[in-house]
Amino acid sequence: MRAQSFAVAALLIAVAGCAGNQGSQPQSGDTRFVAGDGKITLFQAADRKVAPQVQGETLDGGTASLAAHKGKIVVLNFWASWCAPCRAEAPVLKDISAKTKADGVEFLGVDFKDRRADALAFERSHQSGYPSIFDQPGKVALSFQGTVPPAAIPSTLIIDRQGRIAARALGAVKYTDLLDAVTKVGDER
């Protein structure tokens, strides 16, 4: 019984720590969040799966899709305003997006299981410089099931020029790791 109580307490602390202090943060038993270590896994070209069709309304009212970036490297980041690791990695994504844009790398966010007002406040605060699809119901995230657990927030995918998933990170990415992975995928011809 004592070990079970300890496990429950540890889980509650982990969920609370990852969720931050937002009004929409996960409560005990909420499965919106799966932690990760941010380690990037690169997939060999022969083992890559084609990314599903991703499209939707952006937070600013426009539309975005992976198809619009055909032939380019795309960094697809799943995030939510209530997720502390998402807030922590936002400056990394913003900087690498700006640094690699001239090389033809595009970034696209997917705001997952969030309130629009909270997501817009997050965007105003972090000014990512790239669009984010508003995926409140989680349909975009579910389309990647098998590659990314549907509740893994944050998660980052690198899509190669052929539209295949070239790399994946579950958890907040580290600057050098993401830049190195984007560069490796970009160097492929």
For residues 128-145, pull every pair meeting salt bridge (charged side-chain N to carboxylate O under 4.0 Å, His left out), keeping only residues two or more places apart or in separate chains.
none
Show me the donor-acceptor pairs within less than 3.5 Å that the side chains of residues 93-102 make with the rest of the protein, sequence neighbours left out.
residue : atom : partner : partner atom : Å
Lys94   : NZ   : Gln127  : O            : 3.4
Asp95   : OD2  : Tyr175  : OH           : 2.8
Thr100  : OG1  : Ile96   : O            : 2.8

Group every Ile, Leu, Val, Met, Phe, Trp and Tyr by side-chain heavy-atom contacts under 4.5 Å, then state whether [X] and [Y] land in the same group.
{"X": "Val140", "Y": "Phe112", "value": "yes"}
{"X": "Leu179", "Y": "Val185", "value": "yes"}
{"X": "Ile40", "Y": "Val105", "value": "yes"}
{"X": "Val148", "Y": "Ile153", "value": "yes"}
{"X": "Leu66", "Y": "Ile73", "value": "no"}

Applying side-chain contact (heavy atoms from CB on, under 4.5 Å), name anything that partners [X], two or more places apart in sequence or on another chain.
{"X": "Pro91", "result": "none"}
{"X": "Ala46", "result": "none"}
{"X": "Thr63", "result": "none"}

Donor-acceptor pair between Glu123 and Ser128 side chains, under 3.5 angstrom:
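There is such a pair (donor and acceptor under 3.5 Å, judged by atom type) between the side chains of Glu123 and Ser128.
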Between Ser81 and Asp114, do the side chains contain a donor N or O and an acceptor N or O under 3.5 Å apart?
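Present: a donor and an acceptor within the cut-off.
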Nearest heavy-atom neighbours spanning [X] and [Y]:
{"X": "Lys49", "Y": "Gly146", "value": "NZ-O, 4.2 Å"}
{"X": "Lys72", "Y": "Gly104", "value": "CB-O, 3.4 Å"}
{"X": "Ala51", "Y": "Phe144", "value": "CB-CE2, 4.2 Å"}
{"X": "Leu59", "Y": "Leu120", "value": "O-CD2, 3.5 Å"}

Measure the spacing between [atom1] of [X] and [atom2] of [Y] and express it to the nearest 0.5 Å.
{"X": "Leu76", "Y": "Ile133", "atom1": "CG", "atom2": "CD1", "value": "7.0 Å"}
{"X": "Tyr130", "Y": "Thr58", "atom1": "OH", "atom2": "OG1", "value": "13.5 Å"}
{"X": "His69", "Y": "Glu106", "atom1": "NE2", "atom2": "CD", "value": "5.0 Å"}
{"X": "Cys83", "Y": "Lys113", "atom1": "SG", "atom2": "NZ", "value": "15.0 Å"}
{"X": "Leu42", "Y": "Asp47", "atom1": "CG", "atom2": "CG", "value": "12.0 Å"}

Counting only pairs under 3.5 Å, give me each side-chain donor-acceptor contact of residues 155-173, with atom names and distances, residues two or more places apart or in other chains.
residue : atom : partner : partner atom : Å
Ser155  : OG   : Ala152  : O            : 2.6
Thr156  : OG1  : Asn77   : ND2          : 2.8
Asp160  : OD1  : Gln162  : N            : 3.0
Asp160  : OD1  : Gly163  : N            : 3.1
Asp160  : OD1  : Arg164  : N            : 2.8
Asp160  : OD2  : Arg48   : NH1          : 2.8
Asp160  : OD2  : Arg164  : NE           : 2.9
Asp160  : OD2  : Arg164  : NH2          : 2.9
Arg161  : NH1  : Gly186  : O            : 3.1
Arg161  : NH1  : Glu188  : O            : 3.2
Arg161  : NH2  : Gly186  : O            : 3.1
Gln162  : OE1  : Arg164  : NH2          : 3.2
Arg164  : NH1  : Ala45   : O            : 3.2
Arg168  : NH1  : Thr147  : O            : 2.7

Pro131 versus Leu108: any side-chain heavy-atom pair under 4.5 Å?
yes
State whether the side chain of Ser125 and the backbone N or O of Ala121 hold a donor-acceptor pair below 3.5 Å, judged by distance alone.
no
Between Trp79 and Phe122, how do the two ring planes meet: parallel, tilted or perpendicular, split at 30° and 60°?
parallel
